[in-house]
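Comments concern the structure below.
Everything numeric here is computed off the predicted structure, so don't read it as measured data. Protein chains get the first letters and strands the later ones, always in sequence-line order, with residue 1 at the start of each.
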There are 2 protein chains.
Amino acid sequence: MFNAFSQDDERATQRFKSGEMEVDPGTQLFVEGAQAAQVYTVLSGLGLRYKTLPDGRRQVVNFVMPGDFIGLQAGVMGEMHHAVESTTKMTLCVFNRHDLWSLFESNPERAFDLTFLAAVEEHLLGEALSRLGQHSARTRVAWCLHRIHARAQATNGCAADGSCSFPFRQQDLADALGLSLVHTNKTLAALREDGLANWAGGRLHVPDPAKLAEIGMVDGGSAARPRPLI
Amino acid sequence: MFNAFSQDDERATQRFKSGEMEVDPGTQLFVEGAQAAQVYTVLSGLGLRYKTLPDGRRQVVNFVMPGDFIGLQAGVMGEMHHAVESTTKMTLCVFNRHDLWSLFESNPERAFDLTFLAAVEEHLLGEALSRLGQHSARTRVAWCLHRIHARAQATNGCAADGSCSFPFRQQDLADALGLSLVHTNKTLAALREDGLANWAGGRLHVPDPAKLAEIGMVDGGSAARPRPLI
DNA sequence: CGTTGTCTTGAATTACATCAAGAAAAGTGG
DNA sequence: CCACTTTTCTTGATGTAATTCAAGACAACG
């Protein structure tokens, strides 16, 4: 699902890259409101992007997956407006925030890709906003599980039986969808009962993705589209 | 509230600019899912960015104000994932989508600014997502009105009495906040009753912005920060 | 002066949150 | 390997914020 990577791209990225990093589960990669000297591309592992609200509640903005570029806000604005935390062990490609600017000067193609990724992110957030604003719990949960599954499939993250890894807690999903834990749990139970999606033990089974897409009101246009890799 | 505009910036933008355009209220500037040959910077007037859902509902993603750059998705991805419509008469600075790429090649500073704007947009959407996901109707409405007012103030859009223009319908606000029209109306009435915000006849009065910010749980960090102008 | 769009208000309904408590898992230390 | 604690998941009962339904009041407009 990623754009082809030419030799030039490869060389430019290598020059820009400052190293690799492996982090344990539960590591804070970015702290809300803090400066950050590095930005990353996720090579493997999963994580969460979230905002903490003044009253202590939490909004999960997105699930972080391999191929995602994280820290763009820190990169261009200097400061992050959401936190990023690893859920599993993660491998990251490390870049220096400072070098971002030289990337724009020396490699317009890669700079364009970065902007492209920002636009993709904006699109995903707009989609999420629509869900929270307009849809019922059942639709929201179905939509989110479908999205996770589709993304995993696009990156070969699915096992032979069509199941994929999704090692989060129900609380994380609840915080992503703006639902209470209890109601999320009951909705998941209902979807399982209906044979639409079975999420247990950190793995997500979707017997019939098309049927789940229908419940989740996923429009055809929002398929996981190819994107550049930085 | 905009970054200083050097002579070089000015020249580069002028070269990139393809013209100016004035549109009547109710004009569709971008159609959801369609290609677009032009992108714009708003010089004056107000509009709406929204997504239409398969079942006909509508999510207003943002209110479009002077200084906003619209069409970035079309610019880099080729296709818009939300619609943009003018609410008042608008004046727009027109750019050709095709020239965007040459901007990246020839003027990295402006390209960086574009990415900066994309990051700002992402930040705003994340904020909106948190509101829809975690807060009550009263808080949401207060937050939105506060944001509108703060933005107007930052761009000298406020009259001497501290009121600003906000020529939208209650339905638009309802669709932005994921609330029903009826409940939005009742919440507005309550805020008016409490002397926190008075929105009528297309104008918004906020006697005490600090008090409204408190109700809207606006954290200090999210003040309207300076941004580049393209 | 009817027609249409927006705003306003009251009453009935419901989807969801909150409260409460038990059942599995999953760590932790002896 | 087994008690013990802690975390996560599950289920039922109760409460409420917000939706939906319905209808009237304005205002703008041709």
Let me know the distance between [atom1] of [X] and [atom2] of [N], rounded to the nearest Å.
X	N	atom1	atom2	result
L179(B)	dA15(C)	CG	P	17 Å
H183(B)	dA15(C)	NE2	P	17 Å
L181(B)	dC7(C)	CG	C1'	8 Å
L177(B)	dT19(D)	CG	P	10 Å
L132(B)	dA18(D)	CG	C1'	14 Å
K186(B)	dC21(D)	NZ	C1'	11 Å
R169(A)	dT10(D)	CZ	P	14 Å
N185(A)	dT10(D)	CG	P	5 Å

Problem set entry | Side-chain donor/acceptor of Q73(A) to backbone N/O of H81(A), under 3.5 Å |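 Checking the backbone N and O of H81(A) against the side chain of Q73(A), a donor-acceptor pair under 3.5 Å is found.
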Problem set entry | F63(A), W199(A), Y50(A) screened by ring-ring contact (aromatic ring centres under 6.0 Å, His included) with F168(A), the one that passes |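 Output: one option passes, namely F63(A).
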Exercise. Quick one: on DNA chain C, does Q171(B) or S180(A) contact a more 5' nucleotide (nearest heavy atom)?
Worked result: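 Its nearest nucleotide being more 5', the pick is Q171(B).
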Problem set entry | Of R192(B) and G201(A), the one whose closest DNA chain C nucleotide lies more 5' |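 That would be R192(B).
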For this session: Would you mind telling me which of dA18(D), dC16(C), dT8(D) lies closest to the side-chain atoms of A137(B)?
Result: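 Output: dA18(D).
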Exercise. Taking the side chain of V182(A) as its heavy atoms from C-beta onward, which of dC7(C), dA22(D), dC19(C) lies nearest to it?
Worked result: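 Nearest listed nucleotide: dC19(C).
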Problem set entry | Side-chain heavy atoms of V206(B) within contact of L145(B), under 4.5 Å |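 No, side chains not in contact.
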Exercise. In this structure, which one of L46(A), T155(A), T91(A), L43(A) forms a side chain to side chain contact (heavy atoms under 4.5 Å, CB included) with P66(A)?
Worked result: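 Only match with P66(A) under side chain to side chain contact (heavy atoms under 4.5 Å, CB included): L46(A).
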Problem set entry | Identified side chain to side chain contact (heavy atoms under 4.5 Å, CB included) counterpart of F69(A) within the set L229(A), L114(A), V64(A) |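 When side chain to side chain contact (heavy atoms under 4.5 Å, CB included) is applied between F69(A) and each of L229(A), L114(A), V64(A), only L114(A) qualifies.
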Exercise. Can you find a side chain N or O atom of Q170(B) that sits less than 4.0 Å from OP1 or OP2 on dT8(C)?
Worked result: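 Yes, within the criterion.
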Problem set entry | Which residue lies more 5' along DNA chain D, comparing A200(A) with T184(B) via nearest heavy atoms |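 Of the two residues, A200(A) wins.
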For this session: Remember a base hit wins even if backbone is also touched, and classify G202(A) as base, sugar-phosphate or nothing at under 4.0 Å, heavy atoms.
Result: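 No contact.
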